[in-house]
Amino acid sequence: MGFFKKAKEAAQQAQQAGMVHVQGAGPIDPAAFGGPSTRSVSSDDPIWAPINGISLEDYASLARDAQARGVTDEPGMIAIAQERGWNPADTKAALDGWVQRMGQSMAVGQQFRRLLGY
């Protein structure tokens with residue numbers, strides 16, 4: 001599976017996860033079952049901190065550029081990042097880290113999708 005597709009799917013799953021309701025118990029955060037958390041995230045939460053200097057906004061910009069060029073895999077995205085002067089190892093860590101954060105918090109996936117223009 002292409003890296004961009006994996007990130008997009010992680011963001012979509014986070015957005016679609018929503019709250020689960022158990023009869024008589026009220027809403028349950030999907031994080032309790034290994035899904036992304038639906039809890040709100042404050043703007044100063046560490047989850048928004050850049051990874052190796054690469055912010056979520058940077059990642060979304062890279063993903064838009066890759067999508068426009070028809071690049072769908074991680075090596076291709078890293079090559080585009082190198083054109084921007086980004087270190088390949090830092091880029092790899094950031095790509096992996098942002099996908100992981102999207103899996104932890106629905107808010108990150110939603111923000112990523114907004115930054116992509118969805």
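- By the side-chain hydrogen bond (donor to acceptor under 3.5 Å, both in side chains) test, Glu57 pairs with Ser55, sequence neighbours left out.
- Considering every non-hydrogen atom in both Ala63 and Leu116, the closest pair reads CB-CD2, 3.8 Å.
- In terms of modelled atom types and a separation under 3.5 Å, the side chain of Arg101 and the main chain of Gly109 share no donor-acceptor contact.
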For residues 75-89, which side-chain donor-acceptor pairs fall under 3.5 Å, sequence neighbours excluded?
unit_1	atom_1	unit_2	atom_2	d
Glu83	OE1	Arg69	NH1	3.0
Glu83	OE1	Arg69	NH2	2.8
Glu83	OE2	Arg69	NH1	3.2
Arg84	NH1	Ser61	OG	3.2
Arg84	NH2	Ser61	O	3.3
Arg84	NH2	Ser61	OG	3.3
Asn87	OD1	Ala89	N	2.7
Asn87	OD1	Asp90	N	3.0

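- Atom CG of Leu62 is separated from atom CD1 of Ile54 by 7.5 Å, given to the nearest 0.5 angstrom.
- Inter-residue side-chain proximity for Glu74 and Asp96 is flagged as met; some heavy-atom pair is nearer than 4.5 Å.
- The side-chain heavy atoms of Val108 and Val41, taken from C-beta on, include no pair separated by under 4.5 Å.
- At a cut-off of 3.5 Å, with distance as the only test, no side-chain donor of Gln110 or Arg113 sits close to an acceptor on the other residue.
- Between atom CG of residue Asp58 and atom CG of residue Asn52 there is a gap of 12.0 Å, rounded to the nearest 0.5 Å.
- A distance of 12.0 Å separates CD of Gln111 from CD1 of Ile47, quoted to the nearest 0.5 Å.
- Listed by chain and residue number, nothing satisfies the side-chain contact (heavy atoms from CB on, under 4.5 Å) test with Ser43 (two or more places apart in sequence, or in another chain).
- Of the options Trp98, Trp48, Tyr59, a ring-ring contact (aromatic ring centres under 6.0 Å, His included) to Phe112 is made by Tyr59 and by none of the others.
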